[in-house]
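Residues: numbered from 1 along the sequence shown. On a predicted model such as this, the values are computed, not experimentally measured, just so you know.
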Amino acid sequence: MNRNLKICLVSSAGGHLAQIRQLIPILEKYDYFIVTEKNKSTNSLSNKFKVYYLLQQERKNIRFLFVFALNILLSIFYLLKQRPDVIISTGAGATVPLCLFGKIFGKKIIFIESFAKIKTPTLTGKLIYKIADKFYVQWKEMLKHYPKAEYRGKIY
């Protein structure tokens, strides 16, 4: 293992963030940072972690395209500023640009499909599956949707 790896943990706020935070104890020996959406529930994260914020993104909101465009720019800025070697994501939507541009910049992408999805894939999972270097599912039933994925158990 290369202890000099720089790792980006990226997820939307809420349950996806709760899932990715389960990985922090095994990543503490690495240089890592978190990218998530800015809202009331994530404001205090910067007291404990190195955190960068995306705008809260809702697909059904009329401002979605504007917010999405700004999140693309923020994602590129964070990638260029931090230069991670590996990007680990649990989704959702706001994380897609960071993963896509990370792949374009030659970063390794690891995606963990949501714990909440037992029988059907997420939109983010379907998009990132095509570019991920490693793709994990938390339920064996999901292997039928993602044949190249790996099941290693649950992170909760």
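Between Y53 and L45, the closest side-chain pair of non-hydrogen atoms falls below 4.5 Å. K134 is listed as a side-chain neighbour of E150, based on a closest heavy-atom distance under 4.5 Å. For the pair L5 and Y32, the minimum side-chain heavy-atom distance is 4.5 Å or more. Inter-residue side-chain proximity for I72 and F101 is flagged as met; some heavy-atom pair is nearer than 4.5 Å. With a 4.5 Å cut-off on side-chain heavy atoms, S114 and Q19 count as touching. The closest side-chain heavy-atom distance from K50 to I34 is not below 4.5 Å. Proximity of L54 to T36: side-chain heavy atoms (C-beta onward) are nowhere separated by under 4.5 Å. Within the 4.5 Å cutoff, the side chain of I7 has no heavy atoms near those of the P84 side chain.
Rounding to the nearest 0.5 Å gives a distance of 9.5 Å between CD1 of I118 and CE of M142. Annotation: the span from L98 atom CG to L79 atom CG amounts to 4.5 Å, rounded to 0.5 Å. Atoms NZ and CG, from K140 and L143 in turn, are 9.0 Å apart once rounded to the nearest 0.5 Å. To the nearest 0.5 Å, atom CD of residue Q22 and atom CD1 of residue I112 are 10.5 Å apart. Interatomic distance, CZ of F68 versus CG of L73, reported as 11.0 Å (0.5 Å rounding). Interatomic distance, Y146 OH to E113 CD, rounded to the nearest 0.5 Å: 3.5 Å.
For the side chain to side chain donor-acceptor pair (under 3.5 Å) test, residues two or more places apart in sequence or in another chain that qualify with Y52 are Q82. Taking the salt bridge (charged side-chain N to carboxylate O under 4.0 Å, His left out) definition, one finds that K126 meets it with nothing, sequence neighbours left out.
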Show the numbers, then the answer: is there a side-chain contact (heavy atoms from CB on, under 4.5 Å) between T95 and V35?
CA-CA 8 Å; T95 68; V35 177; over 6 Å; no

Stepwise side-chain contact (heavy atoms from CB on, under 4.5 Å) test for K38 and N43
CA-CA 7 Å; K38 178 90 167 160; N43 283 338; 3.1 Å; yes

Start with the C-alpha gap between I110 and Y136, add the side-chain angles, then the distance that decides, and say whether side-chain contact (heavy atoms from CB on, under 4.5 Å) holds.
CA-CA 8 Å; I110 299 172; Y136 296 100; 3.7 Å; yes

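Heavy atoms of other residues, nucleotides or ligands lying less than 6.0 angstrom from CZ of F66 number 12 at most. Atom CD1 of I62 has 12 or fewer heavy atoms from other residues, nucleotides or ligands within 6.0 Å.
For the pair D133 and K103, the salt-bridge criterion is met [side-chain N within less than 4.0 Å of a carboxylate O].
Below 30°, between 30° and 60°, or above 60°: for F135 and Y129 the angle between ring planes is above 60°, a perpendicular geometry.
Q138 places a side-chain N or O within 3.5 Å of a backbone atom of I155 that can act as its donor or acceptor partner.
A cation-pi arrangement, defined by a distance under 6.0 Å to the six-membered ring centre and an angle within 45 degrees of its axis, is present between K154 and W139.
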Ignoring hydrogens and angles, write down the donor-acceptor pairs under 3.5 Å from the side chains of residues 10-17, residues two or more places apart or on other chains.
from : atom 1 : to  : atom 2 : distance (Å)
S11  : OG     : L17 : N      : 3.4
S12  : OG     : A92 : N      : 3.2
H16  : ND1    : T90 : O      : 2.8

